[in-house]
Structure formats: C-alpha cells, structure tokens
Amino acid sequence: QVQLVESGGGLVQPGGSLRLSCAASGSIFSISAMGWYRQAPGKERELVARITSGGSTNYADSVKGRFTISRDNAKNTVVLQMNSLKPEDTAVYYCNALVLSATPIRRLEVWGQGTLLTVSS
C-alpha cells in the first residue's frame with residue numbers, strides 16, 4: 001500500500017507565499033510523476049503542476065511564473081512553492097503520484113487527502 005501525506009496549507013493574504021509538501025510512503029519501487037491538483041468550491045479538480053522523475057515540469061497557465069514544483073526522488077517527496085498568491089488560488093490542494101509499487105508489483109495512481117489553502121485578506 002502506498003500513501004501520500006500532505007502538509008502546509010493554511011490562510012495567507014493576497015500576494016503572500018506558501019509552501020506545500022507531500023511525502024509518499026509504503027511499498028514503492030519507483031514514482032514516475034508527482035503533481036498537485038486543486039479543487040475550488042463548485043469547480044472540477046484541475047492540474048496545478050506536475051513533475052516527472054527526470055525533472056520535466058508542466059504548469060497550469062494560471063500559475064505559471066508564480067508557482068514552482070520540485071521533487072526529491074530519493075525521499076519520494078514533492079514540494080509546491082506558491083508565490084504572489086491570489087484569492088482565486090483558494091482551493092483544496094491534492095498531491096498525486098503515479099507509482100510502481102513493489103509488493104505486489106503494479107501501477108497505481110495515488111492521491112493525498114487534500115490540504116486547504118485560503119487566500120484572503
């Protein structure tokens with residue numbers, strides 16, 4: 001079994017910064033991609049940022065230039081650094097990983113439990 005545990009959500013003022021972290025644990029052989037999605041009230045879940053094991057990244061247009069995703073392959077962690085936050089960034093943020101589990105050997109898509117970010121003055 002593989003689990004993702006997120007941390008770092010909270011309340012921040014517009015223009016502020018926040019850092020989200022996610023750690024994967026369990027029977028992991030490898031992780032091909034890790035990412036962050038978000039879901040605002042009344043809206044569908046959307047991709048925020050994604051990073052492959054090789055370091056290739058892609059971002060939603062709405063966060064380009066403001067958010068930076070990074071990962072530590074050795075520690076199976078991913079971090080989302082969010083700067084210049086806007087009220088429209090308010091959402092529940094979910095960590096996601098595409099995992100090849102070790103026991104049993106199979107491909108899994110794993111989600112974290114979500115962490116709430118509120119951007120408000």
Side-chain angles (χ1 to χ4, degrees):
Q1 189 171 356
V2 178
Q3 294 180 328
L4 299 178
V5 177
E6 302 134 336
S7 60
L11 173 64
V12 64
Q13 292 187 341
S17 297
L18 203 67
R19 183 182 174 97
L20 301 181
S21 299
C22 173
S25 63
S27 180
I28 298 171
F29 182 78
S30 65
I31 302 178
S32 58
M34 301 186 79
W36 290 92
Y37 288 72
R38 67 186 180 187
Q39 187 166 20
K43 295 188 177 181
E44 293 186 354
R45 191 174 297 189
E46 63 174 359
L47 173 69
V48 177
R50 192 169 180 264
I51 184 168
T52 68
S53 57
S56 297
T57 59
N58 62 293
Y59 295 90
D61 288 342
S62 59
V63 307
K64 283 180 180 177
R66 300 188 297 122
F67 291 10
T68 302
I69 190 169
S70 60
R71 68 184 279 182
D72 185 326
N73 291 332
K75 296 181 179 179
N76 291 327
T77 57
V78 63
V79 170
L80 185 67
Q81 177 65 44
M82 303 180 291
N83 299 325
S84 302
L85 284 163
K86 305 175 181 180
E88 51 263 43
D89 294 318
T90 295
V92 177
Y93 284 71
Y94 296 91
C95 183
N96 172 272
L98 300 179
V99 177
L100 181 63
S101 66
T103 308
I105 298 176
R106 61 178 179 175
R107 295 192 184 276
L108 303 170
E109 181 174 25
V110 186
W111 291 90
Q113 79 283 0
T115 184
L116 177 62
L117 167 66
T118 302
V119 183
S120 175
S121 56

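Computed over heavy atoms, backbone and side chain alike; hydrogens, waters and symmetry mates excluded.
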Inset, instruction - Kindly indicate whether the side chain of F29, heavy atoms from C-beta on, has any atom under 4.5 Å from the side chain of V99. - result: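 No, their side chains stay 4.5 Å or more apart.
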Inset, instruction - Decide yes or no for R38 and V63: does some side-chain heavy atom of the first lie under 4.5 Å from some side-chain heavy atom of the second? - result: yes
Would you compute the distance between atom [atom1] of [X] and atom [atom2] of [Y] and round it to the nearest 0.5 angstrom?
| X | Y | atom1 | atom2 | result |
| --- | --- | --- | --- | --- |
| Q13 | L18 | CD | CG | 12.5 Å |
| W36 | R50 | CH2 | CZ | 15.0 Å |
| N73 | M34 | CG | CE | 9.0 Å |
| N76 | I31 | CG | CD1 | 4.0 Å |
| S21 | Q81 | OG | CD | 9.0 Å |
| L11 | T118 | CG | OG1 | 6.0 Å |

Enclosure of [X] [atom1] (heavy-atom neighbours >12, cutoff 6.0 Å):
| X | atom1 | result |
| --- | --- | --- |
| R71 | CZ | yes |
| E109 | CD | yes |
| Q1 | CD | no |

Do you know the tightest heavy-atom contact between [X] and [Y]?
| X | Y | value |
| --- | --- | --- |
| S17 | S84 | OG-N, 4.4 Å |
| S101 | P104 | OG-O, 2.5 Å |
| P14 | S121 | CD-N, 3.6 Å |
| L4 | A97 | CD1-N, 3.8 Å |

Cluster link [X] to [Y], ILVMFWY, side chain under 4.5 Å:
| X | Y | value |
| --- | --- | --- |
| Y59 | I51 | yes |
| L108 | I28 | yes |
| Y94 | L116 | yes |

Legend entry - Main-chain N/O of W111 paired with Y37 side-chain donor or acceptor, under 3.5 Å: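 No, because the side chain of Y37 does not come within donor-acceptor range (under 3.5 Å) of the backbone of W111.
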Inset, instruction - Give a yes or no on whether the backbone of G8 and the side-chain of T115 come within a donor-acceptor separation of less than 3.5 Å. - result: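 A pair under 3.5 Å: no.
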Legend entry - Pairs touching residues 49-98 that satisfy disulfide (SG to SG under 2.5 Å), sequence neighbours left out: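 Residue pairs passing disulfide (SG to SG under 2.5 Å), neighbours aside: C22-C95.
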Inset, instruction - Could you tell me how the ring of Y93 sits relative to the ring of F67: parallel (under 30°), tilted (30 to 60°) or perpendicular (over 60°)? - result: tilted
Inset, instruction - Begin from the C-alpha positions of D89 and V12 and carry the test side-chain contact (heavy atoms from CB on, under 4.5 Å) through to its verdict. - result: CA-CA 11 Å; D89 294 318; V12 64; over 6 Å; no
Inset, instruction - Apply side-chain contact (heavy atoms from CB on, under 4.5 Å) to the pair M82 and L20, showing each step before the final yes or no. - result: CA-CA 8 Å; M82 303 180 291; L20 301 181; 3.6 Å; yes
Inset, instruction - Before giving the answer on salt bridge (charged side-chain N to carboxylate O under 4.0 Å, His left out), spell out for K64 and D61 the whole-Å C-alpha distance, their side-chain angles and the decisive distance to 0.1 Å. - result: CA-CA 5 Å; K64 283 180 180 177; D61 288 342; 3.1 Å; yes
